[in-house]
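The next block holds one structure in the form of structure tokens; read it before the comments.
As a basis for the values below, the full set of heavy atoms in this structure was taken, side chains included, without hydrogen atoms, waters or symmetry mates. Everything numeric in this text was worked out from a predicted model, so none of it was measured.
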Amino acid sequence: MSGQPGARTAQGFVEGCRQGRHAVFRGIPYAQPPVGPLRFQAPAPVEGWDGTRQATDFGPVVPQSGPTAERSAGNDWLTLNVSTPALGTAGLPVLVWIHGGAYIAGASSDPMYEPAALTGAGLVVVSINYRVAAEGFLLVEGAPANRGLLDQISALEWVQRNIAAFGGDPDQVTVAGQSAGAGSISALLTMERAHGLFRRAIVHSVPGSLCTRALAEEVAVALAARVGATPDTEALSGVGPLRLAGELTALGAGLPDHRRGWGRLAQTGVAVCPVLDGTVLSETPWRALTGGRTAGIELLVGHTRDEFRLFSVMTGRLGTFTEDEARTALDLFAPAPDGADAYRAAHPQATPEELLELVYSDALFRMPSLQLAQANQAAGGTSFLFELQLAAPASGGVLGACHSLDVPLAFGTLDSPAGRYLFGDRPTTEVSAVSRELRRAWVRFATTGDPGWPAHRPERRLTRVLDIESKTLPYPEEASRRIWERHDPAPFDLT
């Protein structure tokens, strides 16, 4: 006997390692490697094994796109990790983390997602890798759309079959995600195959990024043309995944050239996202919930005050946006027909850059988050809302309460590379206090369905505002709420 923790899954026995008092398992396959004849197909059931499979290393990441894409060797892309305080029959609540990354990047191995603090609070934490970029979200003729979402469902099915052996309760599963992870969960709410796979959901910074089939087809044609192929499984299967991922990065960088035909998508810098293909995904979550075609659940929703600031800083554009750029942003992203005028009227003293950041923050993250909470409540669910207003102290405070600031706070990974970038090498006592509050809210919600503040309801719109002195207040972005009141996030479409 090795003395290391082990567990028996439906496919075979796995041996992990100890991390303090916790048992940690990494790189467990939940589906077969989606390569060869399985490339661009729905996830296939993983084959079993004899003996003991070592589960101490993270699985390889799918080839990714974008400037921050990770690289690793191997093609066993569909794996997950489990961190548990108690193996066997403990029946603990389970948190399944679905990472973000604009649907083109990201990996469960990111140190920002280290689950030790959450596991120490009594949760069994599962994190997954799923197909992103072209492998996961390019619309390919002859293949199912939204393969990344299908991967997530496959991982959740694995959790239902196996998590009891790791000390988890399959009837107490909470899915959690931020940015593209939150958008993925929003889509899962509408998908019949996902019903019953989780009880609750935590979503931070829900993106409004979905596109019509017509637009996705044009994107696929454009990407395939870059590699001298047609956008079908036979032709694209002959193109190496790394090359296809690199060409998607180049297509994203050149999106402004497609502004006339691809409209709002061309402004985002990301060419692929979930597709309303009519089969895997039929409609937006906001429409599905308000139309009564999807029932509400227990839902914790949050966004940050200055969502777009991260992108302004990362691209080096902070302080340089012009009146013309603000006008373009308002014309494309403010709700028609009079949203642009409404923003200017609500913020008469705002600079062009402030208006641009406002409308991008609202259209891309804040209003989709708010409206998901409202739609879930209208569908019979219970929604809890928070806004993070704590400003990142690093880099002289220029990042404000930016996109992704909430993730290391919730995980308690302030010492991760991302945490140090946002909070510096020595987080203040105020930062640590907000981190504890948000993490406690996650744990309490995953355990009881109540994060510790009142639900968000139409008559009062109560929202937890996380800051140096946190308070529960009426929704703090009232001007934006009024502008968007009768406008659901619309999918990207051809113009």
Side-chain angles (χ1 to χ4, degrees), residues 98 100 102-103 174-190 200-210 268 273-274 284-290 294 296-311 333-335 357-379 381-390 400-407 409-410 438 441-442 445 451 453 455-458 461-466 472-485 487-491:
I98 301 177
Y103 301 108
T174 298
V175 287
Q178 181 263 354
S179 198
S184 296
I185 292 168
S186 302
L188 295 179
L189 292 175
T190 76
R200 304 182 178 106
I202 299 171
V203 288
H204 290 202
S205 301
V206 179
S209 303
L210 295 136
T268 66
C273 61
T284 70
W286 305 275
R287 291 289 177 89
L289 285 162
T290 56
T294 293
I297 64 168
E298 293 170 331
L299 183 67
L300 173 58
V301 184
H303 62 67
T304 72
R305 181 188 59 200
D306 308 309
E307 289 277 4
F308 192 72
R309 183 69 55 79
L310 177 69
F311 308 103
F333 285 95
E357 285 200 347
L358 268 170
V359 71
Y360 277 147
S361 293
D362 282 345
L364 297 178
F365 300 110
R366 296 198 309 187
M367 293 304 103
S369 300
L370 170 66
Q371 291 176 332
L372 187 72
Q374 294 172 332
N376 181 67
Q377 191 273 334
T382 304
S383 298
F384 300 88
L385 188 67
F386 76 84
E387 176 176 275
L388 179 63
Q389 292 190 357
L390 178 77
C402 67
H403 189 71
S404 297
L405 187 71
D406 42 347
V407 180
L409 290 172
L438 184 54
W442 271 31
F445 180 77
W453 60 83
H456 185 89
R457 302 190 188 282
R461 302 190 186 93
L462 291 178
T463 305
R464 187 66 173 171
V465 176
L466 300 176
T472 302
L473 305 168
Y475 185 61
E477 310 301 337
E478 180 63 11
S480 296
R481 186 197 69 79
R482 288 182 177 274
I483 292 170
W484 286 85
E485 192 168 18
H487 302 276
D488 291 335

> Of the non-hydrogen atoms in Pro207 and Trp286, which two are nearest, and what is the gap between them?
Replying inline: O-CH2, 3.9 Å
> Checking side-chain contact (heavy atoms from CB on, under 4.5 Å) for the pair Leu385/Arg461: CA distance, chi angles, key distance, verdict?
Replying inline: CA-CA 9 Å; Leu385 188 67; Arg461 302 190 186 93; over 6 Å; no
>> Using a 3.5 Å distance criterion without hydrogens, assess whether the side chain of Thr294 forms a donor-acceptor pair with backbone atoms of Leu289.
In response: no
> What pair of heavy atoms forms the shortest contact from Leu462 to Pro474, and how long is it?
Replying inline: CD2-N, 4.2 Å
> Of all residues at least two apart in sequence or in a different chain, which pass the side-chain contact (heavy atoms from CB on, under 4.5 Å) check with Pro285?
Replying inline: Ser186, Thr190, Leu210, Leu372
> Given Thr304 and Phe365, is the side-chain contact (heavy atoms from CB on, under 4.5 Å) satisfied, shown in steps?
Replying inline: CA-CA 9 Å; Thr304 72; Phe365 300 110; over 6 Å; no
>> Given 3.5 Å as the limit, does a donor-acceptor pair link the side chain of Gln377 with the main chain of Ala455, or not?
In response: no
>> Using 0.5 Å steps for rounding, measure from the CD1 atom of Ile297 to the CG atom of Leu189.
In response: 5.0 Å
>> Quick check for you: to the nearest 0.5 Å, what is the distance between Glu357 atom CD and Phe311 atom CZ?
In response: 11.0 Å
> Below 4.5 Å, heavy atoms only, C-beta onward: do Met367 and Pro335 meet side chain to side chain?
Replying inline: no
>> Just verifying a value: how many Å separate Ile98 CD1 and Ser179 OG, rounded to the nearest 0.5 Å?
In response: 13.0 Å
> If you round to the nearest 0.5 Å, how far is OG of Ser361 from CZ of Phe333?
Replying inline: 12.0 Å
> So do Leu310 and Ser404 actually touch side chain to side chain, heavy atoms under 4.5 Å?
Replying inline: yes
> How long is the span from the CG atom in Asp406 to the CG atom in Leu466, to the nearest 0.5 Å?
Replying inline: 9.0 Å
> What is the distance from atom CZ of Phe386 to atom CH2 of Trp453, rounded to the nearest 0.5 Å?
Replying inline: 6.5 Å
> Donor-acceptor pair, Arg366 side chain versus Arg305 backbone, under 3.5 Å?
Replying inline: yes
> Between Thr463 and His456, is a side-chain contact (heavy atoms from CB on, under 4.5 Å) present by the stated rule, with each step listed?
Replying inline: CA-CA 6 Å; Thr463 305; His456 185 89; 3.6 Å; yes
>> How close do Ile185 and Ala176 get, counting heavy atoms only, and between which atoms?
In response: CD1-C, 3.3 Å
>> Under a 3.5 Å cutoff, is there a donor and acceptor pairing between the side chains of Ser383 and Gln374?
In response: no
> Which heavy atom in Asp362 sits nearest to a heavy atom in Pro368, and how many Å separate them?
Replying inline: O-CD, 3.2 Å
> Looking at Arg481 and Glu478, does any basic side-chain N land under 4.0 Å from a carboxylate oxygen?
Replying inline: yes
> Looking only at heavy atoms, what is the nearest atom pair of Tyr103 and Cys273, with distance?
Replying inline: CD1-CB, 4.0 Å
>> Does any part of the side chain of Leu438, heavy atoms only, come nearer than 4.5 Å to the side chain of Leu388, both counted from C-beta?
In response: no
> Is there a side-chain contact (heavy atoms from CB on, under 4.5 Å) between His204 and Leu409 once you walk through the steps?
Replying inline: CA-CA 12 Å; His204 290 202; Leu409 290 172; over 6 Å; no
>> Quick check against the 3.5 Å criterion: does Gln178 have a side-chain atom that pairs as donor or acceptor with the backbone of Leu405?
In response: no
> If you look at every heavy atom in Asn376 and Gly296, which pair is closest and at what distance?
Replying inline: OD1-CA, 3.1 Å
> Taking only residues two or more places apart in sequence or in another chain, which ones pass salt bridge (charged side-chain N to carboxylate O under 4.0 Å, His left out) with Arg464?
Replying inline: Glu437
